[in-house]
Amino acid sequence: MSGAPSTATTISVSEALAKFDGEFAAMATALENGEFALWVGSGISRQAPSLGDLITRAIEFLRQKAVDPAETAKYRPALSRALKLAGVEIADVEAVLDVEFTQWPAYAAIREVLWGKYSDLLDVRLPGESADFLLWNAVDIREAFSNPAPPAAEHLSIAILVLEGAISEIVSANWDGFIETAIEQLAGGTAGNLQVVVDPGNLRDAPGKARLLKFHGCIIHATETPAIYRDFLIASKTQIINWPESPALAAMRGEVISAATNLKALMLGLSLQDGNLQSVFAKAKHANPWPWPCTPHAQAHVFCEDQIGEGQRQMLKTVYADAYNNHMDEIEGSAHFRAWGEQVLLALVLRLIADKLAALMRCRLEGNAMAVGADELVASLTQLRNAVAVGAAGDRTAFANAAIAMWSRMVSLFRAGRLPIRSNAYELISGGPVGQLEHDHNARAAGFGELGIALALLQHGEANGLWRLTGPSDGELVSGALTSTATWDGAQPRIVFFVRSAGVALDLKKQGAFSNDNAIVIHADDAWHQLQAGAMTARRPKRAPGRTGSTGTLHVSVTQLLESEADVAGLRKRFISEVTL
């Protein structure tokens, strides 16, 4: 790397991964093992109306009413109070009151100041109207959040972390439904993955793999059932001040405090400027303080920001008390991950998938002579992970959707011998954290250890210039999971399938998956070769290693390779001889 250090905006997913392999390794490992809760704020949902958009809607509503002769007496004082929050007297903008707010010369400056005072703005009251009039009527929060965009990379990443069992608690100040939509999409509509809590009664609903505490309310619930959920939308300063003591919110408050007390916190798009959150972490600190130094454990608080703000710094002072004064630079350095949630979450997903495959691969090699070389195979998996991350350099949401589709296609073919039923769903490895895989017999029996070995061997060949790996050429079954093209002149692309069993391979064959006669079928077990009594081409002991120019479907068994070779060097050499034409 050269030049100026990356900012939260310019940092790449690859650079974020390097941080998770370096100074934030303990934090990433702890998150993979379920030790972190996600704390989510408005900065993570860029498809949702921003605070700036809501501010613009509020001021424009008041402006229009204030210049209407029939409404001036009621609305001009409210507009005046709103502008004073930005340090502007209404007399100073008298000449432009008939002009749309976005066209005012001072528009950007007013909007910027009010961004940090949004709760004060939404607390401006109108005589004879409800306390939330500015939010519910002026901003028209229901219309502002209507017709939401599809989930973005960050929401899809959160959904994968939930489905893979790394995250079980999400605490959100956001009103939108992006996380819920992403989990429903990736789970293929399967219920029971997420328990959404908006009011205390939801705490008694059936639990899910994860729980989403929407402690500032939910626009979806408020729109569908306003009589119940409108009052749970927390926006104004008065509501935020009352939140820590409101009897109606006592049960929700207790759960939010519990998350702050018992789980480490990864904070995404959350400025912590609201006093109710400062109160939460103060209560958590009194209940069960987080120690500093934290070694050998991971740090308890990580902010994904360009710079640590005053609200976040105040929280660190509260949490660590006197230790903050004595270890200020260390604490702030450990708490500051200079990247936005989009890059951080994508990097965490790539690391989690690679680490699960690596863990299951190590389990598969237990008792095998190859076990001493497991680190070499893990290194190849890491190379593959890093190569995938390079593809996230552009539109990260497009990357996330494409990567999910390609991964799920590969796993569905491997596991069931068919294309995914839902093209935008996610095929998970296991529903538990990385640390539980050693004792997860279902995950170990599913063949992902062998799949990890196969991917590591393919990556080793590509890294050494023997072939190039790309995705399938199209969505048809015959296009397999990957395409491998040897680097010698005139080499034709070969279609790569991964299968966990002979039964899966037979199902694929019956469907015509190998009809192009150019497939390489990599088996987790050795049942195919046993069934074929050595007649299949993959064993061909008399064939000299290297390219011969012939084609045909090749069947290669990871299990057979492991049983026939004594070390990783031999395994790699044998694999190359089996798959190279």
Side-chain angles (χ1 to χ4, degrees), residues 13 31-32 34 38 40 44 149-168 170 177-196 208-212 341-360 381 384-385 388-389 391-392 395-434 436-437 440 442-443 446-448 451-452 455 471-472 475 480-482 498 500 504:
V13 173
L31 185 139
E32 290 178 346
L38 292 186
V40 179
I44 198 176
E154 52 269 36
H155 309 111
L156 295 170
S157 297
I158 290 172
I160 292 173
L161 293 172
V162 166
L163 296 174
E164 291 284 0
I167 295 295
S168 61
I170 307 168
F178 288 122
I179 292 175
E180 299 95 302
T181 301
I183 290 177
E184 182 178 5
Q185 172 188 313
L186 295 195
T190 303
N193 288 296
L194 188 68
Q195 179 188 11
V196 180
K209 290 182 68 173
R211 186 170 63 166
L212 174 60
E342 185 178 62
Q343 298 97 307
V344 169
L345 290 165
L346 278 171
L348 283 170
V349 166
L350 291 174
R351 190 181 195 272
L352 174 68
I353 291 173
D355 285 355
K356 281 199 167 186
L357 288 174
L360 289 167
L381 269 183
L384 178 58
R385 179 203 72 180
V388 172
D395 182 335
R396 296 192 184 99
T397 295
F399 164 81
N401 282 307
I404 289 167
M406 186 171 171
W407 165 263
S408 296
R409 176 188 177 96
M410 180 179 71
V411 174
S412 184
L413 290 171
F414 172 75
R415 188 184 264 147
R418 57 171 172 74
L419 296 173
I421 296 173
R422 294 178 181 240
S423 60
N424 62 351
Y426 173 78
E427 293 279 344
L428 74 158
I429 297 174
S430 72
V434 173
Q436 295 180 6
L437 287 173
D440 186 337
N442 289 331
F448 279 101
L451 176 61
L455 290 170
L482 294 174
F498 305 94
R500 67 178 179 85
V504 171

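Note that the coordinates shown come from a computational prediction; the quantities given were computed from them, not determined experimentally.
Put simply, CG on L348 and CD on E32 are 7.5 Å apart, with the number rounded to the nearest 0.5 Å. The NZ atom of K209 lies 11.0 Å from the CG atom of L194; values are rounded to the nearest 0.5 Å. Rounded to the nearest 0.5 Å, atoms CG (L345) and CG (L350) are 11.0 Å apart. Considering CZ of F448 and CD1 of I353, their distance stands at 10.0 Å, rounded to 0.5 Å. Separating the CD1 atom in I179 from the CD atom in E154 is a distance of 9.5 Å, to the nearest 0.5 Å. From Q436, atom CD reaches atom NZ of K356 across 9.0 Å, with rounding to the nearest 0.5 Å.
For S408 (side chain) and A425 (main-chain N/O), a donor-acceptor pair under 3.5 Å exists by modelled atom type. Although no hydrogens or angles enter the test, the distance criterion places no donor-acceptor pair under 3.5 Å between the side chain of S168 and the main chain of A210. With hydrogens and angles disregarded, a donor-acceptor distance shorter than 3.5 Å links the side chain of W407 to the backbone of E427. Judged purely by atom type and a 3.5 angstrom limit, R500 has no side-chain atom pairing as donor or acceptor with the backbone of A416. Side chain of E164 to main chain of P433: no donor-acceptor pair is present (N/O by atom type, distance under 3.5 Å, no hydrogens or angles). At least one donor-acceptor pair closer than 3.5 Å links the side chain of R409 to the backbone N or O of G475.
When all heavy atoms of F414 and L451 are compared, the pair lying nearest together is CZ-CB, 4.1 Å. Contact detail for P151 and T181: the closest heavy-atom pair is CG-CG2, 3.8 Å. Of all heavy-atom pairs between L413 and V504, the closest is O-CG1, 3.4 Å. A359 approaches L437 most closely through the heavy-atom pair CB-CD1, 4.0 Å. G452 approaches L381 most closely through the heavy-atom pair O-CD2, 3.7 Å. Across every non-hydrogen atom of I429 and R415, the tightest pair is O-NH2, 3.9 Å.
Here the side chains of L352 and V434 are in contact, with some heavy-atom distance below 4.5 Å. The side-chain heavy atoms of M406 and P472, taken from C-beta on, include a pair separated by under 4.5 Å. The shortest distance between side-chain heavy atoms of I183 and L212 does not fall below 4.5 Å. Side-chain contact between I158 and I167: absent, with no pair of heavy atoms (C-beta onward) separated by less than 4.5 Å.
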**OP:** Let me see the working for N401 and T397 under side-chain contact (heavy atoms from CB on, under 4.5 Å), right down to the final yes or no.
**Re:** CA-CA 6 Å; N401 282 307; T397 295; 3.6 Å; yes
* Asked: How far apart are the C-alpha atoms of Y426 and V411, what are their side-chain angles, what is the distance that settles it, and do they pass the side-chain contact (heavy atoms from CB on, under 4.5 Å) test?
  -> CA-CA 9 Å; Y426 173 78; V411 174; over 6 Å; no
Between L186 and L156, does a side-chain contact (heavy atoms from CB on, under 4.5 Å) hold up when you go through it step by step?
CA-CA 8 Å; L186 295 195; L156 295 170; 4.1 Å; yes
TODO: Could you walk me through whether L455 and M410 pass the side-chain contact (heavy atoms from CB on, under 4.5 Å) test, one step at a time?
DONE: CA-CA 11 Å; L455 290 170; M410 180 179 71; 4.2 Å; yes
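Relative orientation of the F178 and H155 rings is parallel, given thresholds of 30° and 60° on the angle between their planes.
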